[in-house]
Amino acid sequence: MNATIENLLNNQIKYEAQASLQYLAMASWADAEGYNGVADFFYSQSEEERLHMTKLVKFVNERGGKVIVSALDKPKDSYQGLNELFEQFLESEMFVTEQINHVIYECLEHKDYNVHNFMQWYVTEQLEEEAMARTLLDKLNIIGSDKSGHYLFDRDINAIAAAQEKE
Ligand code: FEO
């Protein structure tokens, strides 16, 4: 495997792991604040990111590359409210999308069509996750600081997420 691509995939393993840890901290914050629906949503997002990470680890190993499992940064674990939480969610997804686009660009530069093909799954996944984060943040922006609105958002978030996934 080309050393630049191997390095980029190892970075991507770290970003997916960092997102998983970040969403776990978000889930725990929401759990402690009594937002059970939001907590379930982020526990499940955290699991998904873990799968994204593992899929990359297995792929690099299958291709005979050397996987590096890196140390992670401590995730942010306190938020002013749901709006800040979901702003951070969208920011995190946008960062991951940017990194994936960078991997794709380098694959084409190095004519590594195998990795390029593998990464298409991540491109699709990112489109969905970014759309989801935007939809949820849009809803929260409409709700503003209304407490009963937040109550309904927490109650309905998993239904909203499931409906969005079907689109
Ligand atoms: Fe796997 Fe949402 O980044």
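Start at 1 with the first residue, then count along the sequence. Because the structure is predicted, anything quoted here is derived from the model rather than measured. Every number for a ligand or one of its atoms is a count from 1 in the order of the listing.
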task: Considering just N/O/S atoms, say which atom of Glu129 is closest to atom 2 (Fe) of ligand 1.
output: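 Atom name returned: OE1.
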
query: Considering only N, O or S atoms, which atom of Glu93 is nearest to atom 2 (Fe) of ligand 1?
result: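 Checking each N, O and S atom of Glu93, the shortest distance to atom 2 (Fe) of ligand 1 belongs to OE1.
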
field: Pairwise distance CD(Gln12) to NE2(His52) - rounded to 0.5 angstrom
entry: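 Spacing of CD (Gln12) from NE2 (His52) equals 10.5 Å.
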
task: Could you tell me the separation between the CG atom of Leu136 and the CD1 atom of Ile157, rounded to the nearest 0.5 Å?
output: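 One gets 5.0 Å once the value is rounded to the nearest 0.5 Å.
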
- prompt: Charged N to carboxylate O below 4.0 Å: is that the case for Glu84 and Lys76?
  reply: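 Salt bridge present between Glu84 and Lys76.
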
- request: Please determine if atom 1 (Fe) of ligand 1 has an N/O/S atom from Glu49 lying under 2.8 Å away.
  value: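 Given the 2.8 Å cut-off, Glu49 counts as a ligand of atom 1 (Fe) of ligand 1.
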
message: With respect to atom 1 (Fe) of ligand 1, please indicate if Glu16 possesses an N, O or S atom at a distance under 2.8 Å.
response: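 Under 2.8 Å: Glu16 contacts atom 1 (Fe) of ligand 1 through an N, O or S atom.
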
query: Is the centre of the Phe153 ring less than 6.0 Å from the centre of the Tyr35 ring?
result: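 Phe153 vs Tyr35: aromatic centres not under 6.0 Å.
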
N/O donor-acceptor pair under 3.5 Å between Gln18 side chain and Asp73 backbone: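 Answer holds: yes.
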
query: Closest to atom 1 (Fe) of ligand 1, which N/O/S atom of His52 is it?
result: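 It is ND1 of His52.
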
